[in-house]
Structures are given as structure tokens and as C-alpha cells.
Amino acid sequence: MTTSSIIFKFVAFLVISSSFSTHVLSEHNTLQAYQTFRPKEELLKLKKIKGYLKKINKSPVKTIKSPDGDLIDCVLSHLQPAFDHPQLKGMKPLEPPKRPKANDSMNVMEESLQLWTVSGESCPEGTVPIRRTTEKDVLRSDSLRRFGRKIRRGVRRDTSSNDHEHAVAFVNGEQYYGAKASINVWTPRVTDQYEFSLSQLWVISGSFGNDLNTIEAGWQVSPELYGDNYPRFFTYWTTDAYQATGCYNLLCSGFVQINNRIAMGAAISPRSSVSGRQFDIGIMIWKDPKHGHWWLEFGSGLLVGYWPDFLFSHLRGHASMVQFGGEIVNSRSMGYHTSTQMGSGHFADEGFGKASYFRNLQVVDWDNNLIPLSNLHLLADHPNCYDIRAGKNNVWGNYFYYGGPGRNSRCP
């Protein structure tokens, strides 16, 4: 199988990401009118939503209000959603694993953290911060089943017909035990409530059929999922090609958080500005050689938590592909290409201070070493809308600029 056919098959799966509905009940009067005509169905729906919220929102020992309106609940570590999983019931979070060994020094730039921490508030030791899910959050999705998940809508082999568009760099053909990169953070414009713009890394294994395993982390702007246009730190996992397993952040049982300073799904601050200061976040995902779990690090050494190995099939062993880059949804809701931006909204050739970047790309080898990439491939499936250009130097190692404005004279 050729490299291009492999990545096209994986890109086809990214059609799945964050399925967007066509009906949202966000205003009280709209909901009230809806109940007037179909009270039994709507009351049953609301009852199911309340049951889900009761299950997912654990009783906090402290609640912090973020400047963006989020409520961050400080929940006792052993009561977090992960421990609702049958194979984790009664257990406690594991101790941190041995971190991968770095062979070179990293270039340090200004880091972004999270908006809810700017006041100096924090969650106590022994708790984890969890963004509270509200009824409005769920009602923005077209069903409770779809909320917080990437629902499979069919596999398309031809990326030109794909409503998900990408500018990505990837490696394959080896055994990978993790990946690391620093990702420039922006606030791209998302012009339709049912579209998103994200920048992330993917750790991938399995065939490109129903057994696809992925672990994903990065930042995203998703008005449907979060109700606003802030860039937010997020994670995702699946073990069956986005069909029945997995979710964003902590919206299902699976990921075990150990950190009391990072809230998954919370807004990132500060963000980069054109020709101004640049901010990025470091993300590393790696497989603990001792226990086999996949761990997540955010920023400079903040260990967030882990995905237990039993969640996966192929990723119990190793990854067969690692991918870095940007993705948007193009719904063509106005009959032409979306103006939703990827990255900063600027093309790759505009460079530092204007284009968005990934820098210091590395993978983890079988011996838990961070090593530079070899044989890096690039793919921009709609290069007149969003593109990508890679480079390498002694400071940023492997890096690339990527992104674009979406609709323009060459992207009608």
C-alpha cells in the first residue's frame, strides 16, 4: 500500500470528527414552544439529559468560575468519570511513569496555559479540575448519543468530496511509542456553528477499517461543543473507528486524570496575535514501557493523566502512524466554501508571526527515547484553501507552518 493511499484512507476517517447537527434548541422560549407541541417526547429527552449530567458531573469539593463563564469543578481524584468504567471501579490513579529521554535541548518560547487559572485560583491537592457540562451544552448537539463524540458518517475514499479538510504532516512505516510537538495557539474564525477548527496530533494504529485506534490531543475552536469561539485544550480517543467507543475530554469513562492544574476542554490563554507575541502549548503522548498505558503531558512537564491500555486493541502494542496538523469542517452551508480559518487564518508561506506552526516534532522509539522524525510526509487536501510547508533547523528541529483563510479567490 502506498504512503499516499494510507494517509488518504486515514483522512477519510476524519470526516467523522465532531458531527454537526442542523437543529439547536438554545433559547428558553424556543424550548418552551417545542415542549408545547411535543411535551412527552421533549420531557423524556430532558429527563435523559439530566440523568447523563448527574452521572458525568461529579460532586465537587470546590468550584471555580472562569472569566469565560465556565464552571470548573474540583472533584476528588477517585470520583472522576474514569472510575465509572467497570475495569477501573474501586481503583486509584497510578503514580507517574518514567518520562521519555530527550537527546537534545528544547527551544523554550512563551507558553499558554488556561483561562480559569488567571485569577490565581486552583484546585486542592487530591482533586482534579473538570469543566462542568451543562444542559445547554448537550442541547447544542442533535442528540444525547452524539454529544461529546465523533460519530461515524461513512468512509469516503475520495478526499475531494470530504467536508473535513486538512493540512497535515505525518510519519508511518515504523513502530511508534509516542509523539511530541509544540503547537502555536490562535483564535481562528469559525463561521458556522456546526463547523470547527482544530490543531492536534494523532497517534494511530490498526487497519483503516472498523478497528482503527486513535489517541488525539491539541486545541480546537468548536462552537457546538463548547458554545463559544475560544481555543480549548482537548483530547479524544477511539478504539473502533469512532463508532461506539471514546469521547472528547472527560465526557465518558476512560481517561484517568492525575493533575490538579489542567482542565480538559477549558479555554487556553493567552493566544497568539498577527505580528505580535506568539504563544504555544507543548503536547506529548507516550506509552509507559512498564505498564503499557498511554500518558499525556501538557506544557513544560505537566503530567495530565493516562489512557489505560485495556481501552485499546492495536494500541496495546504500538502506533503505526503519527500525524500532526490542522483540520476544519467545510459544511458549505451558504452554498460555497466556508470562511472558517485553519490555524491563524494565514497561509504557510507568510511564516513566523502570521502563519501558525508546529515545532520540535519528535516521536518516541521502542526504548523510550524522544527522537527526530525521519521521512516526514506532507498533505494539504485543499491547498488553495489551507496549505502546509515544512522545514528543519537547529532550534526548532522538524517544524512546519500551515493553515489558511478558507474561502478566497482561489478557493470559491
Side-chain angles (χ1 to χ4, degrees), residues 17-18 20 24 26 57 63-73 110-123 129-141 147-148 150 182-201 216-236 247-251 259 261-274 276-283 296 298-299 302 304 326-329 338-346 356-358 403 405-406:
S17 302
S18 292
F20 290 88
V24 174
S26 56
N57 290 326
T63 297
I64 299 166
K65 185 164 186 180
S66 175
D68 62 344
D70 280 355
L71 293 177
I72 305 298
D73 289 329
E110 293 186 276
E111 276 194 315
S112 292
L113 286 174
Q114 293 193 305
L115 195 57
W116 69 276
T117 64
V118 296
S119 66
E121 288 267 29
S122 62
C123 282
I130 302 177
R131 178 183 181 271
R132 187 182 298 178
T133 302
T134 68
E135 195 172 286
K136 284 184 177 180
D137 289 336
V138 182
L139 287 171
R140 282 192 301 272
S141 181
F147 175 69
K150 298 181 179 182
S182 291
I183 310 174
N184 199 198
V185 180
W186 295 82
T187 309
R189 183 175 67 249
V190 176
T191 58
D192 186 291
Q193 183 166 349
Y194 304 108
E195 296 179 348
F196 67 68
S197 181
L198 62 76
S199 298
Q200 68 169 66
L201 60 85
E216 307 168 26
W219 62 261
Q220 68 179 161
V221 173
S222 176
E224 184 193 35
L225 189 58
Y226 304 108
D228 58 32
N229 289 291
Y230 287 107
R232 294 171 175 274
F233 172 54
F234 82 97
T235 62
Y236 199 89
C247 62
Y248 281 109
N249 306 326
L250 300 181
L251 294 175
N259 191 289
R261 295 173 57 189
I262 299 297
M264 296 203 288
I268 299 170
S269 181
R271 280 88 69 179
S272 303
S273 58
V274 174
R277 294 170 70 184
Q278 301 298 296
F279 297 91
D280 57 33
I281 56 172
I283 290 180
L296 173 66
F298 179 90
L302 289 174
V304 182
E327 176 184 357
I328 66 94
V329 171
T338 183
S339 295
T340 285
Q341 299 172 331
M342 181 188 293
S344 65
H346 289 255
S356 191
Y357 63 77
F358 278 63

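Judged by distance alone, with hydrogens and angles left aside, the side-chain atoms of Asn249 form no donor-acceptor pair with the main-chain N or O of Leu251 at under 3.5 Å. Panel note: side chain Ser182, backbone Gly282; no donor-acceptor pair is recorded below 3.5 Å. Ser197 contributes no side-chain N or O that, together with a main-chain N or O of Val190, makes up a donor-acceptor pair within less than 3.5 Å.
We find the CZ-CG distance between Arg189 and Asn229 to be 10.5 Å, quoted to the nearest 0.5 Å. Distance check, rounded to the nearest 0.5 Å: OH of Tyr194 to OG of Ser222 gives 11.5 Å. Within the model, atoms CD1 of Ile64 and OG of Ser119 stand 7.0 Å from one another, a figure rounded to the nearest 0.5 Å. Annotation: the span from Ile183 atom CD1 to Ser356 atom OG amounts to 8.5 Å, rounded to 0.5 Å. To the nearest 0.5 Å, the span separating CD1 on Ile262 from CD on Gln114 amounts to 4.5 Å. Atoms CG and CD, on Leu296 and Glu216 in that order, are 12.5 Å from each other to the nearest 0.5 Å.
Between Gln200 and Phe234 there is a side-chain heavy-atom pair separated by less than 4.5 Å. Between Arg131 and Ile72 the shortest side-chain heavy-atom distance falls below 4.5 Å. Between Glu327 and Phe196 there is a side-chain heavy-atom pair separated by less than 4.5 Å. Residues Ser199 and Trp186 are not in side-chain contact: their nearest non-hydrogen atoms beyond the backbone lie 4.5 Å or more apart. Looking only at side-chain heavy atoms (C-beta outward), Arg261 and Pro129 stay at 4.5 Å or farther from each other. Phe147 places a side-chain heavy atom less than 4.5 Å from the side chain of Asp137. Residues Gln278 and Asn184 form a side-chain contact, since some pair of their non-hydrogen atoms from C-beta on lies under 4.5 Å apart.
The shortest heavy-atom contact between Tyr236 and Gly148 is CE1-O, 3.9 Å.
For Asp73, the salt bridge (Lys or Arg N to Asp or Glu O under 4.0 Å) partners two or more places apart in sequence, or in a different chain, are Arg132. The side-chain contact (heavy atoms from CB on, under 4.5 Å) check on Thr187 picks up Pro231, Arg271, with sequence neighbours excluded.
Look at Arg232 and Asp70 and you find a salt bridge, because one of the NZ, NE, NH1 or NH2 atoms lies within 4.0 Å of a carboxylate O, short of that distance.
With 3.5 Å as the limit, one finds a donor-acceptor pair spanning the side chains of Thr191 and Thr338.
Evaluated for a ring-ring contact (aromatic ring centres under 6.0 Å, His included) with Phe233, the options Tyr226, Trp219, Phe298 yield exactly one hit, Phe298.
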